[in-house]
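Report on one structure; see the data block that follows.
Just so it is clear, the values below take in all heavy atoms, side chains as well, and ignore hydrogens, waters and symmetry mates.
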Protein chains: 2
Amino acid sequence: MSAPRKDPVDAIVDQWAAVRPDLDTKAMEVFGRIFRLSRAMGDRMERAYAPHGLSRGEFDVLATLRRSGEPYTLSPRQLSGTLMLTTGGMTGRLDKLERAGLIRRSPDPHDRRGLQVTLTEKGLTTVDEAVGAGLDAEATALSTLNAEQADQLADLLRELLTGTEGTGR
Amino acid sequence: MSAPRKDPVDAIVDQWAAVRPDLDTKAMEVFGRIFRLSRAMGDRMERAYAPHGLSRGEFDVLATLRRSGEPYTLSPRQLSGTLMLTTGGMTGRLDKLERAGLIRRSPDPHDRRGLQVTLTEKGLTTVDEAVGAGLDAEATALSTLNAEQADQLADLLRELLTGTEGTGR
DNA sequence: AGTAAGTAGCTTAGCGCTAAGCTAATGACT
DNA sequence: AGTCATTAGCTTAGCGCTAAGCTACTTACT
C-alpha cells in the first residue's frame with residue numbers, strides 16, 4: 001500500500017537491526033531524513049542563489065533586511081540574533097556584502113556603539129530576484145508531494161519544531 | 001482545530017506576505033522547518049555524544065563501521081563516500097580517531113594503495129554506548145508526536161527524500 | 001557626578017571542511 | 001613488456017564559522 005521501503009535511511013535502519021536488534025531506531029527514521037533533506041536542499045539553494053552572485057548565508061542576510069520592510073534597516077545585533085550567528089560571523093558577512101555594494105553600514109543616531117545596516121538599491125533588486133529563484137527550487141523539490149500531503153507535512157513539522165527548538169537548553 | 005500558527009517559520013512567512021504578497025511561500029513552510037530542525041537537533045546530538053568524548057562527525061565514522069558488522073572494517077574511500085565527505089576531510093577525522101585509540105589503520109592486503117580502517121575494542125564499546133545516547137535524544141524530541149503522527153511524518157519524509165536526493169544533479 | 005555592570009561591534013586563534021594537486025599503485029589495452 | 005588513464009589516500013591553501021577577548025559606549029545604581 002504505502003512506499004516500498006527503499007531510501008538510504010531505511011538501509012541504515014536495516015543495518016542497525018542486523019547488528020544491534022535491541023535498538024529502537026524509530027526516531028532515526030524521522031531525524032535521519034531531516035538531516036539528509038537539510039543537506040540536499042541546502043546544496044540546491046546554494047546553486048539557486050549562485051547566479052545572482054550570492055551564497056546562501058549572504059542571501060539570508062539580505063532576505064532578513066528585505067522582509068523587515070522599509071526602510072530595510074536592522075542592526076548587526078538584530079541580524080546575528082535572527083540568523084543564529086555569532087557577532088564575529090556577522091562581521092564577515094557584512095564585510096562581503098558591503099564590498100559588493102549590496103548593503104550600507106551607517107552609525108546608529110541613537111546609540112554611538114551601534115550601527116545600522118541598510119539594503120542599497122542594488123541590494124534590494126538583487127534579493128528580490130534571488131528570493132524567487134530560491135522559492136522555485138523549494139517548490140520543485142516539494143512537488144513530489146501533492147497539496148494535501150504538503151500541508152500535512154508542514155503541520156507535523158511545525159509541531160515537532162515548536163516542541164524541539166528552544167526546549168532542552 | 002489544528003495548531004494555532006505560531007512558530008518562527010510562520011512569523012517569517014507572515015513577514016514576506018506583508019512586503020511581497022505575490023510570493024508563494026508554501027514550500028518554505030516545509031523546508032524552513034526542515035532547516036531549523038536539522039540545526040536544532042544537530043546541536044542536541046553534539047551534546048549527546050560529548051560525554052562519550054565524541055563529536056558528531058567522529059560518531060558517524062564509528063557508527064558506520066559498527067553497523068557494517070564484523071570485522072568492523074571499511075576503507076577510507078568507503079567511509080568518505082557513505083558520509084558524503086571529501087577524502088581530505090576523512091583523513092582528518094581518521095587522524096583524530098586513531099590518536100584517540102578508537103580505530104586502527106592497516107594496509108589493505110589486496111591493494112597496496114589502500115588502507116583498512118578497523119574499530120578497536122575501545123572504539124566498539126565507545127560507539128555502542130554513544131549510539132544509545134543519540135537515539136535517546138532523538139526519541140525525546142520526537143515524543144512531541146504520538147506514534148501515528150511519527151509514522152506519518154517518517155513516510156512523508158521518505159517520499160520527499162527519494163524525490164529529492166540524487167535528483168537534479 | 002561617579003562608578004560599575006552591561007552591551008555593540010570588531011579582532012584573533014583555532015577548527016573542520018572543500019577544492020585542487022600530489023605520489024604511489026593498479027588495471028586495461030596495445 | 002610498455003604505456004596510460006584511473007584510483008587511493010594525503011597535503012595544502014582558503015573559507016566560514018565559533019569562542020574568547022578587546023575597546024567604546026550606555027545604562028542603572030549610588
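Within the structure, the side-chain hydrogen bond (donor to acceptor under 3.5 Å, both in side chains) test picks out the following pairs touching residues 116-127 of chain B (sequence neighbours left out): Thr73(B)-Thr118(B). Screening residues 23-32 of chain A for side-chain hydrogen bond (donor to acceptor under 3.5 Å, both in side chains) gives Lys26(A)-Asp151(B), Glu29(A)-Arg33(A) as the qualifying pairs, with residues at least two apart or on separate chains.
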For this session: Report, as a single string ordered 5' to 3', how protein heavy atoms within less than 4.0 Å touch nucleotides 15-21 of chain D: B base, S sugar-phosphate only, - not at all.
Result: --SB---
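Among the atoms of the strands shown, none is found under 4.0 Å from any heavy atom of Arg56(B).
For Leu115(A) and dT7(C), the CG to C1' distance is 13 Å, given to the nearest whole Å. The separation between Leu83(B) atom CG and dG9(D) atom P is 14 Å, rounded to whole Å. Here dA8(D) presents its P atom at 10 Å from CD of Gln78(B), a figure rounded to the nearest Å.
Arg20(A) pairs by the side-chain contact (heavy atoms from CB on, under 4.5 Å) definition with Trp16(A), Asp22(A), Leu23(A), Arg66(B), Asp128(B), Val131(B), not counting sequence neighbours.
The backbone N or O of Leu62(B) lies less than 3.5 Å from no partner atom in the side chain of Arg67(B), so there is not a single donor-acceptor pair. A donor-acceptor pair under 3.5 Å links the side-chain atoms of Arg39(B) to the main chain of Met84(A), judged by distance alone. Side-chain atoms of Ser38(B) never come within 3.5 Å of backbone atoms of Phe35(B) as a donor-acceptor pair (strictly under, hydrogens ignored).
Non-hydrogen atoms lying under 4.0 Å from DNA chain C are contributed by nothing in residues 63-77 of chain B.
Heavy atoms only, all atoms of each residue included: Leu161(A) and Pro8(B) are closest at CD2-CD, 4.4 Å. A pairwise comparison of heavy atoms in Tyr49(B) and Ala130(B) identifies CE2-O, 3.5 Å as the closest pair.
Classification of Arg44(A) and Asp136(A) as a salt-bridged pair fails, no side-chain N sitting under 4.0 Å from a carboxylate O. For the pair Lys96(B) and Glu58(B), the salt-bridge criterion is met [side-chain N within less than 4.0 Å of a carboxylate O].
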Protein-nucleic acid N or O pairs under 3.5 Å, nucleotides 22-29 of chain D:
residue, atom, partner, partner atom, Å
dT26(D), OP1, Arg112(A), N, 3.1

